[in-house]
Amino acid sequence: MPPPIVVFDLDGTLVHTAPDLIDSLNHALASAGVGAVNAEGFHRYVGQGARAMIERAYSSTGREAATKEIDALLDRFLVHYRQNMPGKSRPYDGVLAAIDDLKSAGFLVAVCTNKTEHNAVDLLQALKIDKIFSAICGQDTFTVRKPDPAHLTGTIDRAGGDRNRAVMLGDSETDIVTAKAAGIPVVAVDFGYTERDVCEFKPDRIISHYAALDTELVNELINAAVQPC
Ligand SMILES: O=C(O)COP(=O)(O)O
Ligand SMILES: [Mg+2]
């Protein structure tokens, strides 16, 4: 039987990337005369990849952008983001210790993100934590991406984990919808990037710190669905 597995979303769940994403987004938007986005706006626009984030920020001005213009802004964003990697981005407090404990208990860990695979791998490499994951799957790893459940199940398969003994960790509606569609229990963190309270999306559990993510909780979720809030 393949090992059990815990799959982490990246931005806002595994790594606090917001300061760098906001810097690079504003760098790109400034070139189009679009005003700077703050943390609140960022929470509204993030979650479906960089292109969607730029499109949403742009359309908040009431202006329509041509595809060519979004392409150019995306290029500008990516060049800036990649040049500054890892910037101020850091794993959330306690997450690496929680992962260590899970791995010691026989769990695999993997990443399922709507960043591109290249950016996800490079960021985790820059943070020197890429090797701890059995798979790092981005928006372009498969033909579909979150909220399509095949992004999550594909990540589990690629990592060599057991789909029937898997838990997803996420910070957004996208993650929770993805996991539910895959029939996989989902733990939401309440410190990530979401405009609405994660409680509204009815995850199986909500945690406010990684000290709460232990093997007992993960096994409990695998064995039975629980009421979150
Ligand atoms: O890039 C995004 O918009 C979100 O990335 P995430 O899936 O790692 O949260
Ligand atoms: Mg996220």
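Position 1 is the first residue of the sequence, and the numbers go up from there. In each ligand, atom 1 is the first atom listed, and ligand 1 is the first ligand listed.
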Within D175, is some N, O or S atom less than 2.8 Å away from the Mg ion (ligand 2)?
-> no

Q139 heavy atom under 4.0 Å from ligand 1 = no

Does some side-chain heavy atom of K180 sit less than 4.5 Å from a side-chain heavy atom of F201?
-> no

N/O to N/O below 3.5 Å, does that happen between D175 and ligand 1?
-> no

Hey, which N, O or S atom on D171 ends up closest to the Mg ion (ligand 2)?
-> OD1

Give yes or no for whether the N/O distance cutoff of 3.5 Å, strictly under, is met between V46 and ligand 1.
-> no

Can the ring centroids of Y210 and F191 be said to lie less than 6.0 angstrom from one another?
-> yes

Compute the shortest N/O to N/O distance between G49 and ligand 1 and return yes if it is under 3.5 Å, no if not.
-> yes

Any N or O of C112 closer than 3.5 Å to N or O of ligand 1 = no

Heavy atom of G47, distance to ligand 1 below 4.0 Å = yes

Has M53 got any heavy atom lying under 4.0 angstrom from an atom of ligand 1?
-> no

What about D171: any of its N or O atoms under 3.5 Å from an N or O on ligand 1?
-> no

